[in-house]
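What you see is a predicted model; the values in this text were computed from it and never measured.
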Amino acid sequence: MKIYEDTGIVSYNLATSGQPLECSYFLLKEAFKTQSPKVVFLDAGRILNGEGNNNNSYWRYIIDNFPRDEVFWELVEAYSELPDSDGSLAAWFPLIKYHSRWDQLTEESFESRFTGGYYSAGQYIMSYSSPCAPSQQVFDEKVAQISEESVITIRAAEEGVLSAKAVKKDGYAPELTGHCMEYVLKIKSLCEENGAELVIVKIPSYTYSGLIMSDSNAGDYSWNILKSDLLRAFTDENDIRFIDMMYDVNIVDSLFDTHDSGHLNVNGAEKVSAFIEKILRQYHISPNTNGKYDENLEKYRLVSTVAKLQSERDFHQYLETLSENAANWLILISACDEYTYSLDSQDFDSMEKLGLHLVQEGNFRDAYVAVINSGNVLYEAVSEGPISYETVLCNQKIKLYSGGGNNFSTCNILLEGKDYSNGCRGLNFVVIDKETNLVIDAASFDTFLEGKTFTRAVNETNTRLRAYESAICFQ
């Protein structure tokens, strides 16, 4: 959807979790029945791991949701040839596979597990920012354990952070099987028959075991330079365009743009989208106004804004994001222990934008509480002693408490009696969306430390994003 927002070019992500290469072919064949894309992008991950990660569940996810047509016949035939396949009859009639689960069903079994994608053109938006690349020290320690006969390829990023690395251990070598080559060529022919060009890309993913391979199996589950070189030899030979976004270009930052080792967060996804936009411009594809995309674009903007807030690790930028969206949110702030020591003029300027004036009057270990409702400061207080404030907003009883550093170093942000504050030293934030009355973020920044280290609960953050997404897009 970001590509449509920026360029007006309509695209859709047909990826599924662990998608087998064969399924990519059949999904594309089905899509060509109603669509006429000029370019088809295929991620390289499954080409060199296509048969090693071909388990039944990845196939069933697609089979159980595939239209029952002539392409489905071909899909089922390919599925029935798998070693762990439950047969073509079970593919046509899912009841055969699932009938024994009748005594395990609950109300949740009849609810769709799919909570996104259509409004975002197939993207599963992720927020939380989790660094995935090991530190220079960890990498050096691992390299020291590898024999001198091993081949080491390193690509270093700024500040000593390794953005991509690959180690060839004795006995390990990636393999491009004949079966996978066959399906890549089938996909290429399918594209040519329908007037599209196939472009193979490698979307950045930084699985730890593949960055530093310590055994012969580690490289099977991640991307590395050996796989990149092997695939490039194949694509060059078969006149297929291949762009490796991990080795050909430096697009994402593995410290800030990743949700986990295998997936990008919203920031990384938008950087990749911007790079793909540059590729699409080379094909002179005309913008195409699409009413459905226009309708969903606002939903995408709302969800991605929340995702960006949740992924923000920088204190100053977090304040800027709050300021830009304050009209739509209820912002609750409570200080714990000591909050003043490392706040600087830039921080105070950002807080001024939020309408907060008293925060800079705080002294060492003072208590501090603030409430900003729809861009207006409803309450702000700083004191040597404890501060307690209660109100009712967003249909919820709200109570804020800041004890300061001299009163047991505690703080609370209670909604209907439940504490959403992280209770960490520094400034604690809870943000509520005014339209849905949902908590969309709970973050704390240790403003005593110079780096203003942030804290978030990963699982709760993802749950909040999915709840907000559901309320905005599917109610």
**Q** We want to know whether Asn265 and Ser127 form a side-chain donor-acceptor pair, criterion being a heavy-atom distance below 3.5 angstrom.
**A** no
**Q** Got a donor-acceptor contact below 3.5 angstrom from the His259 side chain to the Tyr128 backbone?
**A** yes
**Q** Please enumerate all residues that pass side chain to side chain donor-acceptor pair (under 3.5 Å) together with Thr436, with sequence neighbours excluded.
**A** Asp433
**Q** Measuring from atom CD1 of Ile240 to atom SG of Cys191, what distance do you get when rounded to the nearest 0.5 angstrom?
**A** 9.5 Å
**Q** May I ask you to check whether over 12 heavy atoms, not counting those of Asn459, lie within 6.0 Å of atom CG?
**A** no
**Q** Quick one about Asp257 and Asn267 (side-chain donor to acceptor, distance below 3.5 Å, no hydrogens or angles considered), yes or no?
**A** no
**Q** Is it the case that the side chains of Tyr4 and Asp294 hold a donor-acceptor pair, with the cut-off being a distance below 3.5 Å and no angle test?
**A** yes
**Q** Considering only heavy atoms from C-beta outward, does the side chain of Glu30 approach that of Pro67 to under 4.5 Å?
**A** yes
**Q** Are the charged groups of Lys271 and Asp253 less than 4.0 angstrom apart, N to O?
**A** no
**Q** Please name all residues satisfying salt bridge (charged side-chain N to carboxylate O under 4.0 Å, His left out) with Glu324, sequence neighbours left out, ordered by chain then number.
**A** none
**Q** Within a strict 4.5 Å, meaning less than it, do heavy atoms of the Phe41 and Ile200 side chains meet?
**A** no
**Q** Only pairs at least two apart or in different chains count here, so list each side chain to side chain donor-acceptor pair (under 3.5 Å) that has a residue in residues 229-240.
**A** Arg232-Asp248
**Q** With sequence neighbours excluded, what pairs up with Gln35 under the side chain to side chain contact (heavy atoms under 4.5 Å, CB included) test?
**A** Pro37
**Q** Is a donor on one side and an acceptor on the other found under 3.5 Å between the side chain of Glu469 and the backbone of Phe474?
**A** no
**Q** Could you tell me whether a side-chain N or O of Asn422 sits under 3.5 Å from a main-chain N or O of Thr455, the two making a donor and an acceptor?
**A** yes
**Q** Do you know which two heavy atoms are closest between Pro20 and Tyr58, and how far apart they sit?
**A** CD-CB, 3.9 Å
**Q** Restricting to salt bridge (charged side-chain N to carboxylate O under 4.0 Å, His left out), what partner residues turn up for Glu74, sequence neighbours left out?
**A** Lys29
**Q** Under a 4.0 Å N-O cut-off, is there an ion pair linking Lys33 with Glu70?
**A** yes
**Q** Any salt bridge (Lys or Arg N to Asp or Glu O under 4.0 Å) pairs touching residues 296-310, not counting sequence neighbours?
**A** Glu5-Arg301, Glu270-Lys308, Glu298-Arg301
**Q** Hey, are the side chains of Asn56 and Leu82 touching, using non-hydrogen atoms and a 4.5 Å cut-off?
**A** no
**Q** Is Asp244 close to Val249 at the side-chain level, that is, under 4.5 Å between some pair of heavy atoms?
**A** no
**Q** Val10 vs Tyr293, test: side chain to side chain contact (heavy atoms under 4.5 Å, CB included). Steps then yes/no.
**A** CA-CA 8 Å; Val10 175; Tyr293 275 53; 3.6 Å; yes
**Q** Can you measure from CG (Asn296) to SG (Cys473) and round to the nearest 0.5 angstrom?
**A** 7.5 Å
**Q** Check the pair His263 / Thr258 against side chain to side chain contact (heavy atoms under 4.5 Å, CB included), numbers first and verdict last.
**A** CA-CA 6 Å; His263 304 91; Thr258 52; over 6 Å; no
**Q** Under 6.0 Å between the ring centres of Tyr318 and Phe445?
**A** yes
**Q** What's the shortest heavy-atom distance between Ala442 and Arg456, and which atoms?
**A** O-CG, 3.7 Å
**Q** Quick one: closest heavy-atom pair of Pro204 and Val272, and the distance?
**A** CD-CG2, 3.9 Å
**Q** Quick one, Ile276 and Ile3 - any side-chain contact, counting heavy atoms below 4.5 Å?
**A** yes
**Q** Between the side chains of Glu197 and Tyr283, is a donor N or O closer than 3.5 angstrom to an acceptor N or O?
**A** yes
**Q** Within 45 degrees of the ring normal and closer than 6.0 Å to the centroid, is that where the cationic atom of Lys186 sits relative to Tyr183?
**A** yes
**Q** Would you compute the distance between atom CG of Leu264 and atom OG of Ser311 and round it to the nearest 0.5 angstrom?
**A** 12.0 Å
**Q** Residues two or more places apart in sequence or in another chain: which of them pass side chain to side chain contact (heavy atoms under 4.5 Å, CB included) with Phe72?
**A** Ile63, Phe66, Arg68, Asp69, Leu75, Val76, Trp92
**Q** Is Asn250 reaching over with its side chain to a backbone N or O of Met246, donor-acceptor style, under 3.5 angstrom?
**A** no
**Q** Just how far is it from atom CG of Leu415 to atom CG of Leu332, taken to the nearest 0.5 Å?
**A** 6.5 Å
**Q** Identify the heavy atoms of Ala44 and Phe242 that sit nearest to each other, and give their distance.
**A** CB-CE1, 4.3 Å
**Q** Are more than 12 heavy atoms, taken from residues, nucleotides or ligands other than Glu435, located less than 6.0 Å from that residue's CD atom?
**A** no
**Q** Taking Lys292's backbone N and O only, do any of them form a donor-acceptor pair with Asn290's side chain (distance below 3.5 Å, no angle check)?
**A** yes
**Q** Taking the side chain as every heavy atom from C-beta outward, state whether Asn288 and Ile9 have any pair of such atoms under 4.5 Å apart.
**A** no
**Q** Do Tyr247 and Lys202 have side chains that get closer than 4.5 Å, going by heavy atoms?
**A** no
**Q** Using salt bridge (charged side-chain N to carboxylate O under 4.0 Å, His left out) as the criterion, list what pairs up with Glu77, not counting sequence neighbours.
**A** none
**Q** Could you tell me whether the side chain of Asn325 and the main chain of Asn328 form a donor-acceptor pair under 3.5 Å?
**A** no
**Q** In chain order, what residues pass the side chain to side chain contact (heavy atoms under 4.5 Å, CB included) check against Glu460, with sequence neighbours excluded?
**A** Ala457, Arg464
**Q** Distance-only, no hydrogens or angles: does the Asn13 side chain make a donor-acceptor pair with backbone N or O of Ala15 under 3.5 Å?
**A** yes
**Q** Once side chain to side chain donor-acceptor pair (under 3.5 Å) is applied, do any residues pair with Lys434, and if so which ones, sequence neighbours excluded?
**A** Asn373
**Q** Could you state the interatomic distance from CG (Leu176) to CG (Leu48), rounded to the nearest 0.5 Å?
**A** 5.0 Å
**Q** Given 3.5 Å as the limit, does a donor-acceptor pair link the side chain of Gln310 with the main chain of Ile440, or not?
**A** yes
**Q** Check the side chains of Tyr79 and Asp86 for a donor-acceptor pair under 3.5 angstrom, ignoring hydrogens and angles.
**A** yes
**Q** Walk me through whether Asn412 and Ser421 qualify under side chain to side chain contact (heavy atoms under 4.5 Å, CB included).
**A** CA-CA 6 Å; Asn412 306 100; Ser421 166; 5.6 Å; no
**Q** Within this structure, what is the OG-NZ distance for the pair Ser120 and Lys2, rounded to the nearest 0.5 Å?
**A** 13.5 Å
**Q** If only atom types and distance count, is the side chain of Glu416 paired as donor or acceptor with the main-chain N or O of Lys397 below 3.5 Å?
**A** yes
**Q** Excluding sequence neighbours, so at least two apart, what forms salt bridge (charged side-chain N to carboxylate O under 4.0 Å, His left out) with Asp314?
**A** none
**Q** What I'd like to find out is whether the side chain of Asp441 reaches to under 4.5 Å of the side chain of Val430, using heavy atoms alone.
**A** no
**Q** Please identify each residue that fulfils side chain to side chain contact (heavy atoms under 4.5 Å, CB included) with Ala327, with sequence neighbours left out.
**A** none
**Q** Is a side-chain donor or acceptor of Ser323 paired with a backbone partner of Leu319 at a separation under 3.5 angstrom?
**A** no
